[in-house]
Amino acid sequence: MKLRRFEVPKDVVDIRENIRNMTIRGAGKIARYGAQALLIAAEKFNGDDVSQFIEYMNEVAEYIKSARPTAVSLPNAVSYVMHRLRGKNFTSLEEAREHVIKTAREFINYSEEAVKKIGELGARRIEHGDILMTHCHSTAAVSVIVTAHKQGKVDKVYVKETRPALQGLITAKALSDAGVDVVLIPDSSVRHYMKKVDKVVVGADTVVANGAVVNKIGTSLVALAAKEARVRLYVASETYKFSPYTVVGELVPIEVRDPREIVDEEWLKENPNVRVFNPVFDVTPPEYIDAIITEKGVIPPQAAILILTEEYGFEFKELIKHEMLHQEVKEEEFSE
Ligand code: RUB
């Protein structure tokens, strides 16, 4: 496939497509594959000029970032690599190529280690005999639950099925394989079971500057039910899911997917006057979150801005100049 100027390697096209169609899903995994795609693109570049290589990498970066709009982990992973490429004076193409490969690997390792660290820190918030609830499939939330389970603390976990894509089933299997006592429940029973729950642990797609969390649709309803029942809610999130764009007032775009994920084609044809909407993420305000468990520590949601300033410092302006571009990239710009 050809971008504006350059041909993209097939493996990179496949990764982007698999992120877009949700074969690769979950914010952390999306980020790791984003970095992996840059690594592959660098390996497969077949020109012989450094400045052309950088131009090519920039084009590939924009292409990858446009795969899923809500998960900021994807542009953040891509920025991690691309930011470190800028302003460097490479003496050869091989040096530039190695640099991309090294930083992409560095990001992937960081991300994997972060999930383990979140597990360790989050497990400290789980007490012996706790009954937990979770929503969707979050690797970071599963890491917390499984670590706490290994410490003998978890009595059982209520796992919401999470319509329409039923990612709760992935969680149910992962937890059950790890030996956790799992009860799979329909989404609509959240209030019914909340009475029995001690703590809720969920993941995040994006953490906003004010500490609000964007996660799989239905998370905010779990949070509402938890608040009402005085049940603590923890969000497990790597720091690269914190959105620097929101510091400068950008809103997180909420991905809206195909109605056929809710009802089938035939039903849609039989009921042409019914409009079917399928937003796949929602926003949980900071007041409904007890703490965000990151690899850097367990923080109150209101401290999200501190993580962002530590990470991006006074570079927000620069970041906007270079990286906001992804918000403007439209699917149609890339001809398949
Ligand atoms: C998955 C989802 C997960 C977060 C965090 O949505 O909302 O809770 O991405 O996951 P989708 P992780 O299935 O639409 O990608 O902790 O694995 O990064």
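The model shown is predicted, which means the values in this text are computed figures rather than measured ones. One-based numbering, in listed order, for ligands and for the atoms of each. Note that these values count all heavy atoms, side chains included, but never hydrogens, waters or copies made by symmetry.
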Do [X] and [Y] have side chains that approach each other closer than 4.5 Å (heavy atoms only, starting at C-beta)?
| X | Y | value |
| --- | --- | --- |
| Ile131 | Tyr158 | yes |
| Lys199 | Arg125 | no |
| Thr147 | Lys150 | no |

- [ ] Could you check Phe107 against Tyr240 for ring-ring contact (aromatic ring centres under 6.0 Å, His included), going step by step and ending with a plain yes or no?
- [x] CA-CA 10 Å; Phe107 178 84; Tyr240 57 80; 4.9 Å; yes

Task: Under 4.0 Å from ligand 1 - residues by heavy atom, chain and number - done: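 Residues near ligand 1: Met22, Arg25, Gly26, Ala27, Gly28, Arg68, Cys136, His137, Ser138, Thr139, Ala140, Gln167, Ala204, Asp205, Asn215, Lys216, Lys241, Phe281.
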
Task: Side-chain donor-acceptor contact under 3.5 Å, Arg84 with Thr103 - done: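 No, no side-chain donor-acceptor pair sits under 3.5 Å.
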
Open item on the list: One pair to check against side chain to side chain contact (heavy atoms under 4.5 Å, CB included): Val13 and Tyr63. What are the steps and the verdict?
Closed with: CA-CA 9 Å; Val13 175; Tyr63 170 69; 3.6 Å; yes

